[in-house]
Amino acid sequence: MRILRTLFISQLLSATVLAVAAMAVLVSYTQQELSTTEENSRTTISQILAHHITGDAKVLSRQLDRSFTLKNLRISQTDGTVLHEQNVSDNKAPFAVWLLKMFGSEFKQQTLRNQENNIQVSYQLDFGQRLGQFQLMLFILMIMPFLLGWFPVLLSKSSITRSYRRTTTAVNDLIDRFIQDPQKAEPDWDKIPVEFTEINTALQKLANYTRSQYSEMASNAHQIAEEAYKDPVTELPNRNRFVQFYEETIRQSETNDFGIFAITRCTELQTLNQTRGFQEGDNYVKEVADLVKKLCGTYTGHKVYRLNSSDFGILLPRVTPKEAENFALQLQSRFNEYQKTAELDSVAYTGLVSYESGKALGELLAIADTSISLAQTKQPNAWHLQKESAGLEMSSSGYGNQNWRNVIDDVLTNHRISLLAQLIQPSNRSAKAYSEILVRFKTQEGQILPTASFLAMAEKLDRIVAVDRLIIETALTTIKNKNLQDQYFGLNLSARCIHDDQFIIWLERRLLKDAHIAAKLVFEVTEFGLQQNLKTSKRFIDMAHRAGARVTVEKFGVGITSFKFFRDLKPDYVKMDGSYTRHINEDKNNQYFMRLMIDLAHRIGVGVFAESVETQEEKHMLESLFIDGNQGYYVGKPAAL
């Protein structure tokens, strides 16, 4: 009995030392694995935030849920305004968590920010499954010394020693192989004695479970990496993938590669988002993407990318400028057909440029962008091919600007604009609303120019004040000539104008000249534009009120605004940004935010409108939140004034 007792104690101590060593190795490996997982998650989520365009917190939440198992998640603006919050699961392995914390591991809340998109994500990964596996292995290692210590009482010393050595060797082999490569780890299970069948079975189950979890984690990591390089709307590779491909395959190519690079710009996207809603805007982008992909499919080795919200990048290897002209003509023809069915002023413009190995990407993009500017001064859906020439490259930017300057000056000189109106429908009889005046600019040939591009170039070329003056003059004249003085109309003003002293003086005199019409006008200015200079913004609003007009702050909710902003400036209305309207009937966070804004605005006498109302469900939800008026494609389409 004494010999067996001594043998039992000896075996127990040895097994304990082995178990402690194995536990130390296991703890170290688990700490390293969890740390790597957290680091990879930070990198992946940063990539997702960088390419998250829509600004929809719910879409971002679903994308993160598909990519990770989270213990909790909070999506907010950078000022702390919560857009989405959830608690997914609780940790089910408290002992494992406690032990890892004893060894220095911490499971902290992680926070990532994207200042450009005004969004931040706070999250904590849920390691419940991995910690449960870790805790199970710890349990096995803790009970192993007692199992190995008890068997000598029943077996002889030599048999126990042989069994012990075979078992410990097999267990050590299992741990070593899993540390080196969990996917390929496959110990020799026959080395574990028959007496330890239960341990053998438990270890095999644990190994299979760990291997499956590792495979799933590797698969998810690959899927997340692919999604980070894919545009969610068109499922085309995005700008990051384009840059990677160009730098690795074309820029650094040792062969004499050449071809055509083109940018196709969806110039109607902004207008569609504002007048018909974001859903129509997405459908428009998808249709353009399909047209581009179908035509490019006839060219060997072609690549199509979505570079940003409105631009598609096209690579046509081994295509000459002459062949590129045929490609551009076919693309224009398809855009013309789609324009008729979609009832659009235009669809997209294309700028093309030839490339060869070693050409810097920044230079290529700049020339293609200039080509688009030149194409936009022609007929709808036009294209321009910038052929390889050093002289043209040096002057292309100036040449594009000069073309636009001529077009804008022609519009101003000959008053080549037409006016449309889109109704803001009041939610009840006591609510006051108006119709927003929209502008279309025309060329000498009577073709409609892309509105967003025209206004952007007018701003760039210092013509925006003259453009706004022409719009106001035309609107006042049209209202007077058509006897529309009994209706209320909204006019958009650029931020540049409301901060221009000479423009404010002119506008006040013009409004006083037609005071009866001025009392029916509402000037719309973006929240961002007003915030650029609060002093001059207040001076503009005071002037408008003296003349009898009203002021609406549009695109409200995009920036960071306090209600001191309202007390100081005293606008008459705010028009909430369309991102809050989209699917509001399903989005509880937007419902709460909209209700809060409406309540606070009403308390200080400010009316609240919603834009981009696309469905009956959205309209009913907004009315239940006591909105003062709705504007959008569902409520009313733009029509001639």
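We number each residue from 1, following the sequence as shown.
For NZ of Lys570, the number of neighbouring non-hydrogen atoms (other residues, nucleotides, ligands) closer than 6.0 Å is 12 at most. Crowding of Glu508 atom CD: a count of heavy atoms from other residues, nucleotides or ligands under 6.0 Å exceeding 12. Around the CD atom of Glu445, the shell of radius 6.0 Å holds more than 12 heavy atoms that belong to other residues, nucleotides or ligands. Annotation for Lys538: atom NZ counts as buried by contact number, over 12 foreign heavy atoms lying within 6.0 Å. Atom CZ of Phe593 has more than 12 heavy atoms from other residues, nucleotides or ligands within 6.0 Å.
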**OP:** Take Arg582 and Asn273 through the test side chain to side chain contact (heavy atoms under 4.5 Å, CB included) and record every step on the way to the result.
**Re:** CA-CA 11 Å; Arg582 191 179 191 185; Asn273 284 339; over 6 Å; no
Original post:
What's the verdict on ring pair (Phe, Tyr, Trp, His ring centres under 6.0 Å) for Phe540 and Phe503, showing C-alpha distance, side-chain angles and the deciding distance?
Top reply: CA-CA 10 Å; Phe540 159 72; Phe503 176 82; 7.9 Å; no
**OP:** Could you go through the side chain to side chain contact (heavy atoms under 4.5 Å, CB included) check for Leu534 and Leu569 one step at a time?
**Re:** CA-CA 8 Å; Leu534 293 180; Leu569 297 185; 4.2 Å; yes
**OP:** May I have the step-by-step check of side chain to side chain contact (heavy atoms under 4.5 Å, CB included) for Asp572 and His545, ending in yes or no?
**Re:** CA-CA 9 Å; Asp572 302 280; His545 287 165; 2.8 Å; yes
Subject >> Residue pair Trp506, Arg469: steps toward the side chain to side chain contact (heavy atoms under 4.5 Å, CB included) verdict >> reply: CA-CA 9 Å; Trp506 171 85; Arg469 288 181 61 165; 3.0 Å; yes
**OP:** Take Arg405 and Asp409 through the test salt bridge (charged side-chain N to carboxylate O under 4.0 Å, His left out) and record every step on the way to the result.
**Re:** CA-CA 6 Å; Arg405 186 177 286 108; Asp409 288 345; 5.7 Å; no
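Contact between Ala289 and Leu236 at its shortest, heavy atoms only, is CB-CD1, 4.2 Å. Closest heavy-atom contact between Pro380 and Asp345: CB-O, 4.0 Å. The two residues Ser309 and Val285 have their closest heavy-atom pair at O-CG2, 4.2 Å. When all heavy atoms of Leu419 and Ala475 are compared, the closest pair comes out as CD1-CA, 3.7 Å. A pairwise comparison of heavy atoms in Glu623 and Ser427 identifies CG-OG, 3.9 Å as the closest pair. Asn492 approaches Ile437 most closely through the heavy-atom pair ND2-O, 3.8 Å.
Residues passing the side-chain contact (heavy atoms from CB on, under 4.5 Å) test with Thr615 are Glu617, Glu618, sequence neighbours excluded. Judged as a side-chain contact (heavy atoms from CB on, under 4.5 Å), and not counting sequence neighbours, the contacts of Thr350 are Ala262, Thr264, Leu331, Phe335, Leu352, Trp383.
Under the side-chain hydrogen bond (donor to acceptor under 3.5 Å, both in side chains) test applied with Glu524, the options Lys555, Lys575, Arg550 reduce to a single match, Lys575. Partner of Asn483 under the side chain to side chain contact (heavy atoms under 4.5 Å, CB included) criterion, chosen from Gln487, Gln485, Lys480: Gln485.
Counting only distance, with no hydrogens or angles, the side chain of Glu614 and the backbone of Phe278 share a donor-acceptor pair below 3.5 Å. Looking at Asp231, its side chain does come within 3.5 Å of a backbone N or O of Thr234 through a donor-acceptor pair. Ser371 contributes a side-chain N or O that, together with a main-chain N or O of Ile367, makes up a donor-acceptor pair within less than 3.5 Å. Using modelled atom types, one side-chain atom of Gln422 and one backbone atom of Thr275 make a donor-acceptor pair closer than 3.5 Å. Side-chain atoms of Thr536 do not come within 3.5 Å of backbone N or O of His499 as any donor-acceptor pair. Looking only at distances, a side-chain donor or acceptor of Gln339 sits under 3.5 Å from a matching main-chain atom of Leu344. The main-chain N or O of Tyr349 is never found under 3.5 Å from a side-chain atom of Asn381 such that the two would form a donor-acceptor pair. Arg496 contributes no side-chain N or O that, together with a main-chain N or O of Ser494, makes up a donor-acceptor pair within less than 3.5 Å.
Taking 4.5 Å as the limit, some side-chain heavy atom of Leu625 sits within range of a side-chain heavy atom of Ile584. Counting only heavy atoms from C-beta outward, the side chains of Tyr284 and Tyr338 approach each other to under 4.5 Å. A 4.5 Å side-chain heavy-atom check between Asp501 and Arg539 finds at least one atom pair inside the cut-off. Between Val292 and Arg334, the closest side-chain pair of non-hydrogen atoms is not below 4.5 Å. Side-chain contact between Phe556 and Met597 is present, with at least one heavy-atom pair separated by less than 4.5 Å. Between Arg306 and Val233, the closest side-chain pair of non-hydrogen atoms falls below 4.5 Å. Side-chain atoms of Leu449 and Val411, non-hydrogen and from C-beta on, do get closer than 4.5 Å to each other. Side-chain atoms of Leu476 and Ile472, non-hydrogen and from C-beta on, do get closer than 4.5 Å to each other.
Of the N and O atoms on the side chains of Glu268 and Ser346, at least one donor lies less than 3.5 Å from an acceptor on the other residue. A donor-acceptor contact closer than 3.5 angstrom is absent between the side chains of Asn590 and His583.
In this structure, Leu641 CG and Leu484 CG are separated by 6.0 Å, a value rounded to the nearest 0.5 Å. Distance check: Asp290 CG to Leu295 CG gives 12.5 Å after rounding to the nearest 0.5 Å. In this structure, CD on Gln616 lies 4.0 Å from OH on Tyr634, to the nearest 0.5 angstrom. Distance check: Asp282 CG to Gln279 CD gives 6.0 Å after rounding to the nearest 0.5 Å. Atom NZ of Lys442 sits about 12.5 Å away from atom CG of Asn414, to the nearest 0.5 Å. Atom CD1 of residue Ile627 and atom CZ of residue Arg595 lie 10.0 Å apart, to the nearest 0.5 angstrom.
A salt bridge links Arg265 to Asp369: one of the charged nitrogens lies within less than 4.0 Å of a carboxylate oxygen.
Under the 6.0 Å cut-off for aromatic ring centres, Phe261 and Phe242 qualify, their centroids lying closer than that.
The aromatic rings of Trp404 and Phe454 lie perpendicular to each other, with more than 60° between the two planes, well past the 30° mark.
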